[in-house]
Amino acid sequence: MEFEHIEQTGKPDKKIYSLTEKGRETLEKWVTESPSDPIIRDEFLIKMYSIWLSNEENAKKLIQDRIAKLEQTVALRDENIARIEQTHGKNGLEMTSKHFGGYILFNRRSMLDEEEISWCKWVLNLIEKARLNNLLLGIIVGKLNIIIQDKILINDYNQKFQLCFGACASQSSQKLNY
C-alpha cells in the first residue's frame, strides 16, 4: 500500500491509498487461499443465550430494539446497493469490476440481517406462545382447583347427609320396633 497526502482547506488533510504492484501480487495469492473459520463476537447473541435470566418485558424489548436497528441498517445498505446498481447496472457488474466485491458483500450482509430479523420475530412469537400457554395453564389450574373444591364440598355434604340420614333412619327403625 502507498498513499498520497492531500492538504485541504477548512477540513482535515486526507490520505488517498492505492495498491502497489507488490501488494497486488500478495493480494492475488492470498485471495485464492482457504479462509480461516469466522470469529463471531456478538453481544446480542450472548444476551439471547442468557435470556432465561430476564423477565418477559425486558426480553421482548431487547429483541424489538434489535429488529429496529437491523431494519434501519438494512434500509441504509439497500440505498447503497441501489446506488451501485444505478451507477453500474444491476447486471452490469462483472466480477472483474472493483465494485463487484462491495456489491456482493452489501447484498450478503442485507440477506443475513433480513434472516436475523426473521429469527428475532420467531423468538418473539415463542415468548408470546409461552406467555399464552402459561396463561391458559393458570386458567386450567384455577378451574381444576374450583372443581376439586366443589368435589370436596359435595363429598363433605354427602358424608354429612349420610350421617344425618343414617341417624334419622336408625331412630325411625327404633321407633317402629317399639
Side-chain angles (χ1 to χ4, degrees), residues 1 3 11-12 14-17 19 23 26-155:
M1 284 288 222
F3 69 90
K11 45 185 165 175
K14 67 178 179 179
K15 295 178 183 179
I16 298 180
Y17 290 89
L19 193 57
T26 304
L27 184 58
E28 284 176 0
K29 182 181 174 203
W30 175 81
V31 79
T32 61
E33 297 171 0
S34 293
S36 57
D37 291 338
I39 298 170
I40 299 172
R41 292 189 177 117
D42 188 340
E43 183 180 344
F44 176 73
L45 297 178
I46 296 168
K47 289 183 179 214
M48 292 306 298
Y49 183 80
S50 306
I51 201 79
W52 59 276
L53 295 169
S54 182
N55 63 40
E56 181 181 332
E57 182 182 331
N58 289 336
K60 288 168 77 172
K61 181 175 179 347
L62 176 71
I63 298 166
Q64 289 164 344
D65 289 350
R66 179 66 164 218
I67 291 171
K69 182 166 178 31
L70 287 169
E71 287 174 340
Q72 182 181 21
T73 302
V74 167
L76 291 172
R77 195 178 299 111
D78 285 349
E79 289 175 14
N80 288 332
I81 291 169
R83 272 196 294 279
I84 293 171
E85 290 174 349
Q86 230 174 11
T87 306
H88 302 285
K90 189 170 187 169
N91 298 319
L93 273 174
E94 294 186 21
M95 194 178 106
T96 55
S97 167
K98 71 177 186 176
H99 301 286
F100 184 75
Y103 177 71
I104 62 173
L105 291 178
F106 275 141
N107 276 282
R108 175 185 182 272
R109 191 65 237 178
S110 281
M111 290 175 193
L112 290 172
D113 287 348
E114 289 287 352
E115 183 56 35
E116 185 170 340
I117 290 168
S118 176
W119 178 80
C120 285
K121 289 177 179 178
W122 175 76
V123 173
L124 284 173
N125 190 36
L126 282 179
I127 291 170
E128 187 61 25
K129 281 183 180 177
R131 187 181 69 75
L132 289 175
N133 286 343
N134 286 339
L135 179 64
L136 287 173
L137 186 60
I139 291 170
I140 291 169
V141 168
K143 292 288 184 187
L144 284 174
N145 280 336
I146 291 171
I147 291 169
I148 290 169
Q149 288 173 1
D150 286 349
K151 181 90 171 148
I152 291 170
L153 287 174
I154 290 169
N155 285 342

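All values reported here derive from a predicted model rather than from experimental measurement.
- To the nearest 0.5 Å, the span separating SG on C120 from CG on L62 amounts to 8.5 Å.
- Between E28 and T32 the shortest side-chain heavy-atom distance does not fall below 4.5 Å.
- A search for ring pair (Phe, Tyr, Trp, His ring centres under 6.0 Å) contacts involving Y49 returns nothing, not counting sequence neighbours.
- Interatomic distance, R77 CZ to L70 CG, rounded to the nearest 0.5 Å: 8.5 Å.
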> side chain to side chain contact (heavy atoms under 4.5 Å, CB included) between L124 and I67: does it pass, once the steps are laid out?
Replying inline: CA-CA 11 Å; L124 284 173; I67 291 171; 3.8 Å; yes
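- Screening H88, E85, R108 for a side-chain hydrogen bond (donor to acceptor under 3.5 Å, both in side chains) involving Y103 leaves a single residue, E85.
- A59 approaches S54 most closely through the heavy-atom pair N-OG, 3.5 Å.
- Note that the CD1 atom of I51 and the NZ atom of K60 stand 12.0 Å from one another [nearest 0.5 Å].
- Taken from CZ in F106 to CG in L76, the straight-line distance is 10.5 Å, to the nearest 0.5 Å.
- Proximity of V74 to D78: side-chain heavy atoms (C-beta onward) are separated by under 4.5 Å at one or more points.
- T26 OG1 to K29 NZ: the interatomic distance, rounded to the nearest 0.5 Å, is 8.0 Å.
- Across all their heavy atoms, R66 and F44 have their closest contact at NH1-CB, 3.0 Å.
- Rounding to the nearest 0.5 Å gives a distance of 6.0 Å between CZ of R83 and CD of E79.
- Between K69 and D65 there is no salt bridge, since no side-chain N of the basic residue sits under 4.0 Å from a carboxylate O of the acidic one.
- With contacts defined as side-chain heavy-atom distances shorter than 4.5 Å, the pair T87/H99 does not qualify.
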